[in-house]
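One structure below.
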Amino acid sequence: MRMSKLLMPTLREVPAEAEIASHQLMLRAGLIRKLAAGVYSYLPLGLRSLKKVEQIVREEMDRAGAQELLMSALLPAEAYQASGRWEVFGPSMFKLKDRNDRDFCLGPTHEELFTQTVIDNVRSYKEYPMTLYQIQTKYRDEGRPRFGLIRGREFIMKDAYSFDLDEKGLDESYKKMYDAYCRIFTRLGLDFTIVDADSGAMGGSGSQEFMVKSPVGEDGIAYCDACGYAANYEKCECIPDPKEQPEGELELEKIETPNAHTIDELVESLGMEAYNFAKTIIYKADDKYVAVMVRGDRDVNEVKLKNLLGCTDDPELAEPEAVREITHAKVGFAGPIGLDIPVYADKEVALMKNFVVGANESDMHYKNVNIGRDFEPDTVADIRVVVTGDKCPKCGASIKSEQGIEVGHIFKLGTKYSDALGLTYLDESGKNKTVIMGCYGIGVTRCLAAAVEQGHDDNGIIWPVSIAPYQAIVVPANYKSEEQMAEAERIYAALNDAGIETLIDDRSERAGVKFKDADLIGIPVRIVVGKKIGDGIVEYKERKMEKAEEMAAEDAVSRVVEFVKANI
RNA sequence: CGGGAUGUAGCGCAGUUUGGUAGCGCAUCUGGUUUGGGACCAGAGGGCCGCAGGUUCGAAUCCUGUCAUCCCGACCA
């Protein structure tokens with residue numbers, strides 16, 4: 001491609017709206033332009049990279065035996081009504097009406113559609129197992145789109161769904177997708193981590209996320225260097241840390257704690273450590289109230305709580321009025337003693353002795369509280385959030401944490417949608433059974449952003465060869481030199497003939513401008529035709545290299561071909 | 001959805017406190033000089049100052065409303 005004809009509006013200055021590297025660079029390099037919050041157009045260079053990501057995903061899905069199809073993005077409401085998700089999605093679904101006042105939406109995800117497609121079109125159990133996928137644009141009206149392509153309202157996703165006759169089949173289908181995902185992210189040049197993820201209350205038997213470690217990631221990863229265990233923060237199992245506990249049981253005491261309604265204030269006024277307290281927090285879950293206890297220096301993990309309670313709605317903090325009614329006290333003085341709602345205590349609380357809790361009376365706390373003597377929790381379970389330094393649940397070493405961008409998620413769905421929509425089959429003995437599903441997503445556009453987030457320096461993007469918009473660039477340093485231009489053209493033609501996707505910077509710009517742009521758009525390898533062309537010498541430089549190397553033009557061409565073939 | 005900030009030329013910004021006919025840098029166009037890491041000189045074009053009301057002789061500037069964008073948090077099938 002001739003850059004004199006290429007729509008590549010690079011920006012020298014950083015657009016004010018972009019906060020993170022990938023967003024800034026994708027705008028500056030002329031890959032994307034914003035149309036509205038979380039909605040972007042792809043310009044030629046951006047589209048080329050996007051198509052390459054899609055193609056890698058497609059090749060690996062096909063290799064794994066999945067079949068590609070394509071659903072509409074515009075969907076009638078009925079598609080989501082049977083599963084209840086027309087309501088569940090709420091405001092995050094883009095809803096619209098047609099001219100006859102019929103409800104439609106722009107599809108946020110397609111479990112129902114795939115399930116229905118299989119119901120309508122698969123006739124015999126002999127057709128299973130089957131995995132179907134599509135690469136398609138999704139719409140979610142996010143409360144807060146941000147970070148460019150990392151969290152948009154319109155984005156491209158590869159979603160796949162497996163259909164199996166039994167659990168064993170699901171395990172096999174899941175494993176195939178797992179392997180395919182590893183290949184995909186490796187080919188995309190991403191440095192990724194696979195973490196155990198929450199599989200939700202609907203009883204899926206497994207779920208893993210593919211994370212690209214990055215400080216701008218929105219998900220927390222807890223991991224262990226010693227044994228390789230890694231889990232989503234929400235999912236990571238917590239090993240109780242007993243701290244030192246006093247011997248014996250002291251006498252229960254009610255003490256005045258005026259206006260001390262936070263742990264910090266209690267620590268301050270009583271001169272004790274946060275881990276001598278137990279917080280009691282009133283949650284509302286599906287219109288029922290429960291009390292949740294964690295140690296003073298811990299936080300409640302609402303995902304674990306939700307799974308424990310098995311509620312449909314996410315648990316949320318009870319309204320202040322409800323708290324006052326339940327505890328007969330101001331907010332901040334709730335405790336387990338004398339409460340008439342179920343008490344769920346974290347495992348760590350069960351290990352505590354002579355600790356402090358709210359007294360269910362304004363400005364009062366109990367001191368020297370002991371489980372068994374003063375109250376009995378209805379349930380003891382792991383309901384806190386993991387913290388750095390916790391013991392690894394697998395090997396006991398110290399847990400570390402990092403942020404990650406979720407680029408893929410694989411999930412054993414089970415029968416949630418096949419039950420809801422009635423996807424069954426008759427087995428060989430004529431018995432009616434439910435098809436077991438898995439679902440597997442990859443954020444295609446997000447992968448593009450993640451690749452830039454992971455591959456850039458001060459000068460711009462550093463694309464992996466596999467998804468670079470072009471693989472090589474030829475730069476004649478002085479456009480007024482006929483000799484340089486002619487030789488650049490010759491090299492450009494040679495590279496194209498060798499099957500290398502090549503740009504030639506034939507613009508009448510100064511050399512500095514061309515170098516800056518080549519670096520900014522991140523082309524993996526560059527040949528500069530300069531003054532030494534009289535002796536047949538050009539410069540060869542990979543984007544990652546510090547300095548260019550001089551060599552004969554022919555050698556540079558074969559070096560580029562070699563480099564591209566080795567790194568694709 | 002709660003908290004905060006910002007909307008002025010394609011991009012980055014000043015001007016708003018104290019009302020007086022809109023400015024700088026980059027980019028664009030023309031001419032000239034340059035030509036290996038975002039050149040220089042001279043000239044030119046480009047604005048419903050987010051939008052709608054209001055106050056005023058007069059509003060980018062003051063008041064009210066509204067919309068949009070970004071940041072922190074909540075939420076994220």
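Here is how names work: the chains are called A, B, and so on, in the same order as the sequence lines, proteins then strands, and each is numbered from 1.
- Residue-to-nucleotide proximity on RNA chain B shows that, of A:Val14 and A:Gln484, the 5′-proximal contact is made by A:Val14.
- Applying the side chain to side chain contact (heavy atoms under 4.5 Å, CB included) test to A:Ala274 and every residue at least two apart in sequence or in another chain returns A:Ile263, A:Val267, A:Asp297.
- Pair assignment for B:U18: none, as no Watson-Crick or G-U wobble contacts are both less than 3.5 Å.
- On the P atoms, B:G50 is 14 Å away from B:A14, given to the nearest whole Å.
- Looking at residues 511-530 of chain A, you'll see A:Ala511, A:Gly512, A:Val513, A:Phe515, A:Lys516, A:Asp517, A:Asp519, A:Leu520, A:Arg526, A:Val528, A:Gly530 sit with a heavy atom under 4.0 Å from some atom of RNA chain B.
- Pair assignment for B:A68: B:U6, on the basis of Watson-Crick or G-U wobble contacts that are both within less than 3.5 Å.
- Of the nucleotides present, none pairs with B:C48 by Watson-Crick or G-U wobble criteria with both distances under 3.5 Å.
- Pairing for B:G12 is with B:C24, a Watson-Crick or G-U wobble pair whose two hydrogen-bonding atom distances lie under 3.5 Å.
- Remark: the separation of the P atoms in B:C62 and B:C70 is 25 Å, to the nearest Å.
- Across all strands, A:Arg510 comes closer than 4.0 Å to base atoms (heavy-atom distances).
- Atom-to-atom, CZ of A:Arg507 to C1' of B:G37 comes out at 13 Å; the value is rounded to the nearest Å.
- Among residues two or more places apart in sequence or in another chain, the side chain to side chain donor-acceptor pair (under 3.5 Å) test is passed with A:Thr502 by none.
- Counting to the nearest Å, the P atom of B:A74 and the CG atom of A:Asn301 are 13 Å from each other.
- Residues that satisfy the salt bridge (Lys or Arg N to Asp or Glu O under 4.0 Å) test with A:Asp264, not counting sequence neighbours, are absent from this structure.
- On the C1' atoms, B:G7 is 29 Å away from B:A44, given to the nearest whole Å.
- Figure legend: A:Lys514 and A:Tyr479 shown without cation-pi pairing, the cationic atom not lying both under 6.0 angstrom from the six-membered ring centre and within 45 degrees of its axis.
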Are A:Tyr161 and A:Asp159 close enough, and set up right, to give a side-chain hydrogen bond (donor to acceptor under 3.5 Å, both in side chains), and what steps lead you there?
-> CA-CA 7 Å; A:Tyr161 305 86; A:Asp159 50 326; 2.6 Å; yes

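- Counting to the nearest Å, the C1' atom of B:C72 and the CD1 atom of A:Ile20 are 15 Å from each other.
- Across the C1' atoms, B:G32 and B:G15 are found 35 Å apart, a figure rounded to whole Å.
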So which protein N/O to nucleotides 66-70 of chain B N/O distances come out below 3.5 Å?
unit_1, atom_1, unit_2, atom_2, d
B:U69, OP1, A:Ala37, N, 2.8
B:U69, O3', A:Lys34, NZ, 2.9

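- Taking atom P in both B:A9 and B:A5, the straight-line distance is 22 Å, to the nearest Å.
- A:Lys541 places its NZ atom 14 Å from the P atom of B:G37, with the value rounded to the nearest Å.
- The interatomic distance linking A:Glu546 (CD) with B:G37 (P) rounds to 17 Å, in whole Å.
- With sequence neighbours excluded, the residues that form a side chain to side chain donor-acceptor pair (under 3.5 Å) with A:Gln116 are A:Asp120.
- With C1' as the reference atom, B:G10 and B:A42 are 24 Å apart, rounded to whole Å.
- Here B:U33 sits opposite B:A39 as a Watson-Crick or G-U wobble pair (both hydrogen-bonding atom distances under 3.5 Å).
- Rounded to whole Å, the separation between the C1' atoms of B:G46 and B:U28 comes to 9 Å.
- Nucleotide B:A74 has no partner under the Watson-Crick or G-U criteria, as no pair reaches both atom distances under 3.5 Å.
- Across the P atoms, B:A27 and B:C1 are found 42 Å apart, a figure rounded to whole Å.
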Less than 3.5 Å apart, which donor and acceptor atoms pair up between the side chains of residues 435-451 of chain A and the rest of the protein, not counting sequence neighbours?
unit_1, atom_1, unit_2, atom_2, d
A:Tyr440, OH, A:Ser162, OG, 2.7
A:Thr445, OG1, A:Ile156, N, 3.2
A:Arg446, NE, A:Ile150, O, 2.8
A:Arg446, NH1, A:Glu406, O, 2.8
A:Arg446, NH2, A:Ile150, O, 3.1

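- One interatomic measurement links the two molecules: CG of A:Asp505 to P of B:G36, which rounds to 15 Å at whole-angstrom precision.
- When each of A:Glu111 and A:Ala477 is assigned the nucleotide of RNA chain B with its nearest heavy atom, A:Ala477 is the one assigned upstream, toward the 5' end.
- By the salt bridge (Lys or Arg N to Asp or Glu O under 4.0 Å) test, A:Glu54 pairs with no residue at all, sequence neighbours left out.
- One finds a salt bridge joining A:Glu78 and A:Arg102 here, because a Lys/Arg side-chain nitrogen approaches an Asp/Glu carboxylate oxygen to under 4.0 Å.
- Rounding to whole angstrom units, CD1 of residue A:Ile533 and P of B:G36 are separated by 16 Å.
- Judged purely by distance below 3.5 Å, without hydrogens or angles, the side chains of A:His456 and A:Ser22 never pair a donor atom with an acceptor atom.
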Could you list, one pair per line, each protein nitrogen or oxygen that sits under 3.5 Å from a nitrogen or oxygen of nucleotides 25-27 of chain B, together with the distance?
unit_1, atom_1, unit_2, atom_2, d
B:G25, N2, A:Glu13, OE1, 2.6
B:A27, OP1, A:Arg12, NH2, 3.4

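- The one candidate from A:Arg526, A:Arg507, A:Arg12 that meets the salt bridge (charged side-chain N to carboxylate O under 4.0 Å, His left out) condition with A:Asp517 is A:Arg507.
- Take A:Glu111 and apply the salt bridge (Lys or Arg N to Asp or Glu O under 4.0 Å) test, not counting sequence neighbours, and it matches A:Arg85.
- Note on A:Arg28: a base of the nucleic acid sits closer than 4.0 angstrom, heavy atoms only.
- Here the side chain of A:Glu112 pairs no donor or acceptor atom with the backbone of A:Ala79 at under 3.5 angstrom.
- Distance CZ (A:Phe89) to C1' (B:C75): 14 Å, rounded to an integer number of Å.
- In this view, A:Lys34 and A:Glu17 satisfy the side chain to side chain donor-acceptor pair (under 3.5 Å) rule, not counting sequence neighbours.
- For the pair A:Arg153 and A:Phe94, the NZ or CZ position fails the cation-pi test of under 6.0 Å to the six-membered ring centre and within 45 degrees of the ring normal.
- With a cut-off of 3.5 Å on both Watson-Crick or G-U wobble distances, the partner of B:U56 is given as none.
- Using a 4.0 Å cutoff on non-hydrogen atoms, no part of residues 401-409 of chain A comes near RNA chain B.
- Salt bridge annotation for A:Asp346-A:Arg295: absent, with no cationic side-chain nitrogen under 4.0 angstrom from a carboxylate oxygen.
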